[in-house]
Amino acid sequence: MAAFGETGLMPELISAVVDLGWKMPTPIQTEAVPLVLGGGDVMAAAETGSGKTGAFALPVIQIVHETLTKQQEAQPVQQQRTPCVLSQQDHDPELVVAADGLAALSHQPCWTGGRATVGAFTGKFAYEVHMTSGDLCRVGWAAKNTKLELGVAPRSFGYGSTGMKVVAKKYEAYGQAYGKGDVITCLLDWEAAAISYARNGEALGVACAIPQKLQGEPLYPCILLKGSEVAVNFGGAPFAHPLPDGFVGLADGTPMQTASSDTAISNGHTSARQPTAIILEPARELAEQTVACLRSFVAHLPAPQLRIELFVGGLGTAGARRQAAALREEGVDIAVGTPGHIMDLVENGKLDVQSVHFLVLDEADRMLQAGDSRTVLKLYQRLPKAFPPGTRLQVLLFSATLHTPQVAEFADKVCQKPMWIDLKGRDVVPEAVQHCVVTVDPRSDLQAGPERQASLQAFRGGKVRFLICTDVAARGLDIHELPFLVNMTLPDNAATYIHRVGRVGRADKPGVAISLVAAAPEKVWFLNLKTAPSRKYKPWTLQLPEDRRLQQEGGHAVWLTEQDLLQEVEDKLGHAIRRRSVAAPLLPRAPGASEQNELAYGNKGQDGSDKPAPPSMAVAEHLAQLEAQIQRSYFALKRKWSRCAG
Ligand SMILES: Nc1ncnc2c1ncn2[C@@H]1O[C@H](COP(=O)(O)OP(=O)(O)OP(=O)(O)O)[C@@H](O)[C@H]1O
């Protein structure tokens, strides 16, 4: 096995992993790190707990850091401030923008718009529009990345020359009509969260309130013309009419009040950095875990310090606002999050993806199964595909189970000649996992309760010894040296079994996966969408006699034959799993097994044994007793609930 130094990683990253106690790279790290550093697309399948996070994150960090260092070396050119003018890029093709960005002209009989290069997210700002020719014009403010049809496009607000204001596609009478020779002053007041206008210096009153959800998002001056011509003044020249108290020209805004959209004009300068890498995770907990790993990997990196941010839902309004402010003021180098949330930020113009060099899909197959493939494809389409000098977007797909037709079809769309790392063939589980089946009498509708973030933290910290969870926790969660996993029921597909049992036996630490498998078929609840009143219907809470019928009879029950599912799992594993009866001792102590098994990557095999020993018998027996207690307390609670309900 190669040492970390031979993978091409920089010394500072190696010091960070040494701090984590990693002595040698795992096989997937040995293979993947040089390939990612080499610049190609990579698809990597390796067993659960084999260190895939480090395999993609370490080289991604290295390249992002190198890119940023180069950009900062070129900084003197980039630090010119963006002039506040009409953008030469951000306008409809039919609009002609003057070379100085202070006038625009439309010969067309259709509406055609343009946006300024600078917007404001706080303070009180103004700009003037002087109609020099024609009659049809609409002026106002709009967020970045929204269409230019003021008032019709979301997050935009317009005042038209016919004397109408337009907001959220609604046209209402406002102020007065205006035309050739008139000067309209457009006023953005973030302190009062209001937009108003003046005509030839006469205030027309508040036109609209800025919705709460736009708080903190820069609004840019916008114009929309139809066969007309205007001159604009953002404050670079004296205004034709005095501004109301407290207002200043947008050109006088400070970097703490304004943002710039026009990267071409500003030559790359924005105070906030745009992400160089996006790492997608299928669930919030996994994204949090990956962010924690990335932050520990960058501990010894020299300046510039990498900004690694988490983008997931469920942070509440305050959290979302903090996230938006962080994006705007400091920016982000590596964005980690769930596909839906990241895409929302991109579509709302809050996350700029024009500098993204890496798209990483961790647990790629689950993301595609979860119906996120359209979202990921949409995101992929927004990313730039090539960069000077001769580099291109790199796409990395990682999972323990990548061999699905869905993944192959997806990879065809987003990867260019990907290099495949397939360390163990199809869907293997680590040798450090010992499998065990305990055959049990039929259980009645046993349900596992989902536990969320707090429970997971308590479990990780050792405050809670049992974590009962659904398949939400089946993948990716890394719980240090977890010794036991109990499958209360078998999952309904073998790939999920592979991921579930992968919570133990991680990093070559031994673990036992015990599956309770019914000896005979069991009748279980299964929502029948054809007859259910809604997708959220829970027949088990009402327990109506008609619901207890089988699906084919119009009810919400099916027969589950776990023995068949077990066969599928064994086919996938390629070997039979040892059966135990409930009464028999669960696990014999392996000859020579010690309580403290110190096997780890880097010293594995030094004691002459390649196979990790299972945890001790005493622990396993204790576990079995606790497991019986859980089942008893579950049924006691269930009886209590049914009395309450009845
Ligand atoms: N080179 C290494 N040496 C020692 N431990 C390592 C090494 N690489 C990773 N680990 C540890 O192995 C554990 C599993 O790593 P990781 O979570 O990256 O696995 P994974 O392959 O992504 O698993 P899954 O498929 O379940 O998501 C972690 O606790 C991690 O700290």
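Note that ligands are numbered from 1 as they come in the structure, with each ligand's atoms numbered from 1 the same way.
Residue His499 places every heavy atom at 4.0 Å or more from ligand 1. Using a 4.0 Å heavy-atom cutoff, Phe4 is listed among the residues neighbouring ligand 1. The shell of residues lying under 4.0 angstrom from ligand 1, judged by heavy atoms, includes Glu363.
Contact annotation for Thr53 and ligand 1: heavy atoms of both the backbone and the side chain come within less than 4.0 Å of the ligand.
Both tests hold for Lys385 against Tyr380: distance to the six-membered ring centre under 6.0 Å, angle to the ring axis within 45°.
Judged purely by atom type and a 3.5 angstrom limit, Thr404 uses its side chain to pair as donor or acceptor with the backbone of Val407. Side-chain N or O atoms of Asn348 include none that pairs as donor or acceptor with a backbone N or O of Lys350 at under 3.5 Å.
Selection from Glu47, Arg503, Met24, Glu281 by nearest heavy atom to atom 1 (N) of ligand 1 gives Met24. In the candidate list Arg506, Gln289, His480, Arg506 is nearest to atom 16 (P) of ligand 1, counting heavy atoms. Within the set Phe398, Trp22, Phe56, the minimum heavy-atom distance to atom 9 (C) of ligand 1 is found for Trp22. Residue nearest to atom 24 (P) of ligand 1, selected from Gly49, Ser50, Gly502: Gly49 (by heavy-atom distance).
Counting the atoms of ligand 1 from 1 in the order shown, those under 4.0 Å from a heavy atom of Thr26 are 1 (N), 2 (C), 7 (C), 8 (N).
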